[in-house]
Amino acid sequence: MAARGGARWTFVILLVLLGTFLGVYLQRFDVTAPFFRDVVRSGFDLRDVDLVFMQFGLSFHLRLNLGSLLGGLVSLWILR
């Protein structure tokens, strides 16, 4: 029973990500850009971290838009 619940959450997360990608893609067009603008956009960007023996960079950004919401709603509707 627990594996089935985990699979449901995985399905919801995958559809939210797919909706977000679709929303970001639809932001490129003038007609749909106002509807799919980012509602939440946050993150951090460490371009150059130097630890004497190693250099690396790290970046993480979160973007949520109408596509994210639609992906979540569609996944919940399918799982219903």
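In this chain, numbering begins with 1 at the start of the sequence shown.
A continuous path of ILVMFWY side-chain contacts below 4.5 Å connects Leu62 to Val39, so both sit in one hydrophobic cluster. When hydrophobic clusters are built by joining Ile, Leu, Val, Met, Phe, Trp and Tyr residues whose side-chain heavy atoms come closer than 4.5 Å, directly or via intermediates, Leu17 is not grouped with Trp9. Hydrophobic clustering, with ILVMFWY side chains joined whenever heavy atoms are under 4.5 angstrom apart, groups Leu46 together with Phe53.
When hydrophobic side chains of Ile, Leu, Val, Met, Phe, Trp and Tyr are connected at separations under 4.5 Å, Phe36 ends up clustered with Leu22, Tyr25, Leu26, Phe29, Phe35, Leu66, Leu69, Leu70, Leu73.
A search for side chain to side chain donor-acceptor pair (under 3.5 Å) contacts involving Arg37 returns nothing, not counting sequence neighbours. With sequence neighbours excluded, the residues forming a salt bridge (charged side-chain N to carboxylate O under 4.0 Å, His left out) with Asp45 are Arg47, listed by chain and number. When the side chain to side chain donor-acceptor pair (under 3.5 Å) test is applied to Arg28, no partner is found at least two apart in sequence or on another chain.
Among residue pairs with one or both ends in residues 69-80, none qualify as side-chain hydrogen bond (donor to acceptor under 3.5 Å, both in side chains); sequence neighbours excluded. Screening residues 60-74 for salt bridge (charged side-chain N to carboxylate O under 4.0 Å, His left out), with sequence neighbours left out, gives Asp38-Arg63.
Considering only heavy atoms from C-beta on, Leu51 comes within 4.5 Å of Phe56 through its side chain. Taking the side chain as every heavy atom from C-beta outward, Ile13 and Val16 never approach each other to under 4.5 Å. Within the 4.5 Å cutoff, the side chain of Asn65 has heavy atoms near those of the Gln27 side chain.
No side-chain donor-acceptor contact under 3.5 Å links Asp30 to the backbone of Ala33.
Of all the heavy atoms in Leu79 and Val12, the pair that sits closest is CD1-CG2, 3.6 Å.
Annotation: the span from Ile78 atom CD1 to Arg8 atom CZ amounts to 12.5 Å, rounded to 0.5 Å.
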